[in-house]
Every structure is written in structure tokens, then in C-alpha cells.
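Numbers here are sequence positions counted from 1. Only heavy atoms go into these numbers, but all of them, side chains included; no hydrogens, no water, no symmetry mates.
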Amino acid sequence: MEQIKFLDLQKVNAAHGERIKRAAERVIDSGWYLQGGENASFEAEYADYIGTDHAIGCGNGLDALRLILRGYKELGRLKDGDEVIVPANTYIASILAITDNNLTPVLVEPDLQTLQIDSQRVGEAITERTRAVMIVHLYGRCAFNERIAALCSEHNLLLIEDNAQAHGCMFNGRRTGSLGNAAGHSFYPGKNLGALGDGGAVTTNDPELAAVVRALANYGSQKKYVFEYAGLNSRLDELQAAILREKLPLLDSENERRKELARKYIAGITNPKIRVPQTSDWSANVVHVFPIFSDERDRLQQYLAQNGVQTIIHYPIPPHKQHCYRQWNNLKFPITEQIHNQELSLPISPVMTDGQAERVINLLNSWI
Ligand SMILES: *Cc1c(COP(=O)(O)O)cnc(C)c1O
């Protein structure tokens, strides 16, 4: 029986063939490994792709978000203790970036249909101390909407996007990552645009923030050996930048293949014991993850594993139930908890075949 992996990274990168190897060779032979031409070119190309004035490469997605919040603190827009609204069902990195900056996360429940932060509840969560909203385009689905934008401008809040899972996703013809004040991106190998190691970027149209983030990521220095801020070392290395430059031009076609497979899943899965979220606007979903939901999620996962299909749960334990945030362990977020109890992510990637998707669908439909 052929095993169907959740994500076959070997095959994903092999599809780029010799281009990745030639890019790596170019860097190895150049003798220049940090803060060089590959990073500068990738920043320009990525800013152009996302549709922002600036992109700043950094070490990873968590750092991108940390740098944005720290940057706004240095600029006087945020201070210790300020509240930042964030979805309760996000990956923990979004929240770590907030607490790492001595800011206060205010967890808000998602909408069960869209799986994204519920804009009505965002409005209800705003207090005198709220200074920012961090939306997360979770599963590759756009979390931005006019309502959230209106709330942010009405209350003078920063709008920060966690775009780690949604490279290429759109809202009304604009890319996610260009919709708020600033966005954090991750190039972790398993993301839609993945490096062969860690990588990240900040995108923004705010020239002041861009300058501060660039300095903060380089020890707080704009001029060699002169330190304006107590910064950190978080850089995108030349090797990863060169590899990302080769992969970026193929991102849209890879996302299209993900969408084709997602459409097959949606049309094919008919088992009434499984809930499949619908998508009305395919430009607003780059299908980083294809989630399904079941009351008997764990039994379903076991059944698929026994039949050679690997799945993953995004995520088994919600942030408010984690030990690192034990002060929240008694809080109740029923929608978030339901998602964490029922969610199962099916295999999906640009290199998955129609035959593999059909096998997964047939298995799901014959599950009793
Ligand atoms: C992957 C991810 C991050 C963190 O990115 P890293 O590059 O792994 O640090 C942040 N937020 C979300 C939603 C993610 O999925």
C-alpha cells in the first residue's frame, strides 16, 4: 500500500529541480553569506509580489512578528501592558510575539464557519487599553474584512497581519500582507513559500517602521558599530534568500494546484460524519491546510493512518490550555476548544496527485 504523506517536502523541493541547487551553488561560490545581494533582491521581489513599499528579511516568522511589535514600541505607538487582540485559535507563535514584548494578548473566539477571528467579538473586546489587532490568515484563508478595518480606524488601532500561512492569498485584488500596518511572514519549510531552513520577512508601507525593523533585526544598528536600539540578530541568510528567489515565481501556480485539490476534496467528501468547510472566494484561500471536522476526530485519524494516509491536527492543544500560559488555563473558549477537538488536516501539497486525493476521498466516504 502506497503511503500518502501529509506533506512530502522532498518531492515539493525536487519539483524545483536544478534551479534550487544552482542558486545554492551561486551563493556558496560567491563567498558572501549574509546581508548581500540575494537578500536585497529577494526583499525587492517579495515586496513587489505582496504589494508593499518595503519587505525586510529576518530569521523566521516568530521574529517577524516580534520585530513589528518591538518596532512600534520604539516608535512610541505601543508601550508595556497595551492590549493586542488576537484569535484564540491561532498557532502559538502569534501570541508569543505579543507576550515577548510585554504586551497583553486579548484572546478572541473565531467564527466556526470561517475559522477566522470573529469581527463582532473583536468589537466587543476593544477597551481603553487596546492598541492593536493581530489578525492571522490561518489555514491560508483571508482573515481580513471591512468590519475589522473599520474598527481599527475608528479606534486608532494598529492592524497587524500574521501571514505565515497565507503567501499569495488575496482580499479584493490585494494580497494579504499588504492590508494592515505591517505583516509578519514565515518561510519555514512547510509553508506555502518555504525555504530549506528558517526564514521570515516583515512587509509594510510605513517607512518609519521599515527603518526601525531593519535596524532592530541587525543588533539595533543602522550604521556599522553604532547602536541606536538594543536589538537582536535576526537575518535571512543569502542561501535561503537565493532559494526563495527561485521558488517565488512558481508560488501562484503551486497555490493553484492546492486549490484544485481542495475543490476535489470539497466535491468528493460526502460522509455525513465529516464537516468540510466551504470556500466562496478562491482568491482568498491558498489552502495552506485543508481542515475537516469530526466528533470522532481521533478515531478518524487512526483509521486513515491504518490505511496509509498521514494527517496532522492543527492544533491539538489551544494556546489558553498550554502550560506556558497557565494563567489562562481556566478561561473558557468553547468555539476554539471545539475546533481543537474536532479538526483534522488532510494531506495537501502542490505535488499531490489526483489519484492520491481520490484515495483519501474514497477512504473518508467509506468510514463508518
Ligand atoms: C509558522 C507560523 C508562525 C511562525 O513562523 P516560524 O517561521 O516557524 O517562526 C507564526 N504564525 C503562524 C500562524 C504560523 O503558522
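Judged purely by atom type and a 3.5 angstrom limit, Arg297 uses its side chain to pair as donor or acceptor with the backbone of Asn341. Here the side chain of Asn255 pairs no donor or acceptor atom with the backbone of Asn192 at under 3.5 angstrom. When atom types are taken as modelled, the side chain of Thr52 and the backbone of Ser178 share no donor-acceptor pair closer than 3.5 angstrom.
The ring of Phe187 has its center closer than 6.0 angstrom to the ring center of Phe42. Side-chain rings of His288 and Tyr139 stay apart, their centers remaining 6.0 Å or farther from each other. In summary, the aromatic rings of Tyr49 and His167 are positioned with their centroids too far apart to meet the 6.0 Å limit.
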Exercise for review: Would you check, one step at a time, whether the test side chain to side chain donor-acceptor pair (under 3.5 Å) holds for Asp63 with Ser234?
Suggested key: CA-CA 7 Å; Asp63 278 1; Ser234 183; 2.6 Å; yes

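Taking the six-membered ring where the residue is Trp, Tyr303 and Trp367 present tilted rings, their angle falling between 30° and 60°.
Sequence neighbours left out, the pairs with a member in residues 58-94 that pass ring pair (Phe, Tyr, Trp, His ring centres under 6.0 Å) are Tyr91-Tyr315. Screening residues 143-154 for salt bridge (charged side-chain N to carboxylate O under 4.0 Å, His left out) gives no qualifying pairs among residues at least two apart or on separate chains.
Comment: Glu2 engages Arg359 in a salt bridge, judged by a side-chain N to carboxylate O separation of less than 4.0 angstrom. Taking a cutoff of 4.0 Å between a charged side-chain nitrogen and a carboxylate oxygen, Lys273 and Glu296 qualify as a salt bridge.
Under the side chain to side chain donor-acceptor pair (under 3.5 Å) criterion, Lys79 pairs with Asp82, sequence neighbours left out.
Residue Leu179 is not grouped with residue Leu193 when hydrophobic side chains (ILVMFWY) are merged at heavy-atom distances under 4.5 angstrom, including chains of intermediate members.
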